[in-house]
Amino acid sequence: MEELELIPAGFGLCWLAYYVRGILRIHRSLTPRARGTTLTETWLRFWLSPAILKDSFRCALISLGAFLGIEIARGENVEGGIDEDSEIDHF
């Protein structure tokens, strides 16, 4: 797979992980009050919650941005040397 093919897959995996994290957090907060609540019931109740969807999308975008920032900095465009604006020059 090429790098451009990995970007949507990486975003999808990050979004799914943050979505599941949001559902688990809600489930853990509801469990002490209603002991009979299962994870499936919590998911069916909150699966389209705008807060969870927006938060998972925002966190996935931040994670993807961090991934792309690291990828760009370590890409083949870097010419093995230190330029004038490098932080190493300031030390």
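Just so it is clear, the structure is predicted and the values come from calculations on it, not from any experiment.
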Linked, directly or transitively: Leu30 and Val20 (ILVMFWY side chains, under 4.5 Å): yes

Heavy-atom closest pair, residues Ile52 and Ile26: CD1-CD1, 3.1 Å

Of all pairs that satisfy salt bridge (charged side-chain N to carboxylate O under 4.0 Å, His left out), the ones with a partner from residues 38-52, not counting sequence neighbours: none

Any Leu24 side-chain heavy atom under 4.5 Å of Thr42 side chain: no

Lys/Arg N to Asp/Glu carboxylate O, Asp55 vs Arg21, below 4.0 Å: yes

Atom CZ of Phe57: over 12 foreign heavy atoms under 6.0 Å: no

Working for side chain to side chain contact (heavy atoms under 4.5 Å, CB included), residues Phe11 and Leu61: CA-CA 7 Å; Phe11 177 78; Leu61 278 178; 3.8 Å; yes

Minimum side-chain heavy-atom gap Ile23-Tyr18 below 4.5 Å: no

Gap between atom SG of Cys59 and atom NZ of Lys54 - 0.5 Å precision: 11.5 Å

Donor-acceptor side-chain pairing of Tyr19 and Trp43 below 3.5 angstrom: yes

Straight-line distance of Thr37 OG1 to Arg28 CZ, nearest 0.5 Å: 15.0 Å

